[in-house]
Amino acid sequence: AIREGDWKLIESYETGDYELFNLRQDPEEKSNLAAKEPQRALALRQQLARWRGTLRTNMPKRNATYDKKFWPPFGVADFVLVNEQGKQVTKADLLGKPWICCFVFTRCRFTCPRVFSQMQMLQKECDKAGVRMVAFSVDPKNDTPASLKLKAKELGAKPEIWSFLTAGPKTLVEDKAAIYRLIENSFRMPVSEYTGADRKPGFQVLHSNNVVYVDADGHPRAKFNAMD
């Protein structure tokens, strides 16, 4: 963007489009005057280009292979967990339909309520579209099937659509490590327990707020910030 007196020009590096505003008459930048003031817009664009040249600025470029590099080529690794009904769930159980997933824990006082709310709002649309939903617990010691069943009831979750997954048949320590490896390696999301003075009630686990979309073959394809 560049400003000269009352005039401000905004240029999009992604599309090459530009907008021109008179800030004195239009401080909220609602009326694009580029078409009415082509000479002024051209002059400001030229000034902006010269300024970038003086600074030897490198413009951002889209990385067309970003998603291919970001997501693991093997897809979601095999796993054995249990749902809120106490029933075993594996990766194979989710194949055949696309699904979305989040990473949460029921004691969370920070971002999880928002993530749960966003997933709750998506349930109806997912049902229509044939998309399943999964919530992976990052606190399996406390998120037992019974506590997850209560959370599912609170959210009005339909078990045929939305599964809440926690520790499986092994020891809790092993299962927590397995869940963390799954989240970090298959979904490329951070997760770790707070320790010492940083560990406070409701803030015991650092985890991602992203919702991840997984295709019917078990390959993650996109992520969305549930806080947006």
Side-chain angles (χ1 to χ4, degrees), residues 66-67 69-72 74-84 89-91 93-94 98-123 126 131-155 157 161-168 170-215 218-228:
Y66 171 76
D67 284 345
K69 289 184 177 180
F70 184 78
W71 302 114
F74 50 79
V76 176
D78 291 332
F79 61 83
V80 179
L81 298 171
V82 293
N83 66 12
E84 74 283 1
V89 176
T90 69
K91 172 187 173 181
D93 294 320
L94 298 174
W99 45 288
I100 61 172
C101 63
C102 63
F103 316 97
V104 288
F105 65 109
T106 57
R107 296 189 299 163
C108 178
R109 297 181 184 177
F110 187 37
T111 59
C112 292
R114 171 69 173 175
V115 177
F116 277 129
S117 177
Q118 293 285 63
M119 293 285 282
Q120 184 183 35
M121 288 190 292
L122 288 170
Q123 182 174 220
C126 284
V131 176
R132 295 199 60 184
M133 303 168 63
V134 178
F136 288 100
S137 170
V138 297
D139 183 23
K141 181 178 179 180
N142 295 284
D143 283 344
T144 63
S147 65
L148 291 179
K149 189 173 183 179
L150 289 175
K151 174 58 71 172
K153 182 178 180 180
E154 173 190 324
L155 295 170
I161 301 170
W162 192 353
S163 297
F164 297 72
L165 303 185
T166 188
K170 298 180 182 180
T171 66
L172 288 172
V173 173
E174 290 175 341
D175 273 317
K176 185 184 76 173
I179 291 173
Y180 282 19
R181 284 196 301 272
L182 178 71
I183 294 172
E184 292 174 336
N185 297 335
S186 292
F187 298 103
R188 299 291 197 255
M189 298 295 146
V191 59
S192 62
E193 279 199 83
Y194 284 113
T195 59
D198 293 328
R199 187 178 176 87
K200 297 179 174 65
F203 298 84
Q204 292 92 339
V205 184
L206 170 67
H207 60 92
S208 172
N209 301 317
N210 284 320
V211 172
V212 177
Y213 174 81
V214 183
D215 67 20
H219 287 79
R221 294 301 183 189
K223 58 186 175 75
F224 309 92
N225 191 336
M227 306 307 291
D228 291 343

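The nearest pair of heavy atoms linking L155 to Q120 is O-NE2, 2.9 Å. Considering all non-hydrogen atoms of both residues, S137 and P140 come closest at OG-N, 3.7 Å. Nearest heavy atom pair, residue I179 against residue A167, reads CD1-N, 4.2 Å. V115 and C102 get closest at one heavy-atom pair: CG1-CB, 3.7 Å. Across all their heavy atoms, M189 and K223 have their closest contact at CE-CD, 3.4 Å. Nearest heavy atom pair, residue R114 against residue D228, reads NH2-O, 3.2 Å.
Of the inter-residue distances, the one linking D78 atom CG with K91 atom NZ reads 5.5 Å to the nearest 0.5 angstrom. Distance check: T166 OG1 to N142 CG gives 9.0 Å after rounding to the nearest 0.5 Å. Taken to the nearest 0.5 Å, the CG atom of L148 stands 9.0 Å off from the CG atom of N83. Rounding to the nearest 0.5 angstrom, the gap separating the OG1 atom in T195 from the CD atom in Q204 is 12.5 Å. One finds the NZ atom of K141 at 14.0 Å from the CG atom of D175 (value rounded to the nearest 0.5 Å).
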May I have the step-by-step check of side-chain contact (heavy atoms from CB on, under 4.5 Å) for R188 and V212, ending in yes or no? CA-CA 10 Å; R188 299 291 197 255; V212 177; over 6 Å; no
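Scanning for salt bridge (Lys or Arg N to Asp or Glu O under 4.0 Å) contacts around K151 gives E154, with sequence neighbours left out. Checked against side chain to side chain contact (heavy atoms under 4.5 Å, CB included), E193 has the following partners two or more places apart in sequence or in another chain: K176, Y180, R199, V205. Partners of L206 under the side chain to side chain contact (heavy atoms under 4.5 Å, CB included) rule, at least two apart in sequence or in another chain, are S192, Y194. Considering only residues two or more places apart in sequence or on other chains, A157 meets the side chain to side chain contact (heavy atoms under 4.5 Å, CB included) condition with Q123, A152, W162, F164. Residues forming a salt bridge (Lys or Arg N to Asp or Glu O under 4.0 Å) with D215 (at least two apart in sequence, or on another chain): R221. For N225, the side-chain hydrogen bond (donor to acceptor under 3.5 Å, both in side chains) test picks out no residue, with sequence neighbours left out. Among residues two or more places apart in sequence or in another chain, the side chain to side chain contact (heavy atoms under 4.5 Å, CB included) test is passed with L182 by V76, A77, F79, F136, S186, F187.
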I'd like a table of donor-acceptor pairs (distance under 3.5 Å, sequence neighbours excluded) in which one partner is a side-chain atom from residues 104-112, with atom names and distances.
residue	atom	partner	partner atom	Å
T106	OG1	D143	OD1	2.4
R107	NE	D139	OD2	3.1
R107	NH2	D139	OD2	3.1
T111	OG1	N209	OD1	2.6

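When side chains are defined from C-beta on, Q118 does not count as touching V211, because their heavy atoms never get closer than 4.5 Å.
Side-chain atoms of R132 never come within 3.5 Å of backbone atoms of L94 as a donor-acceptor pair (strictly under, hydrogens ignored).
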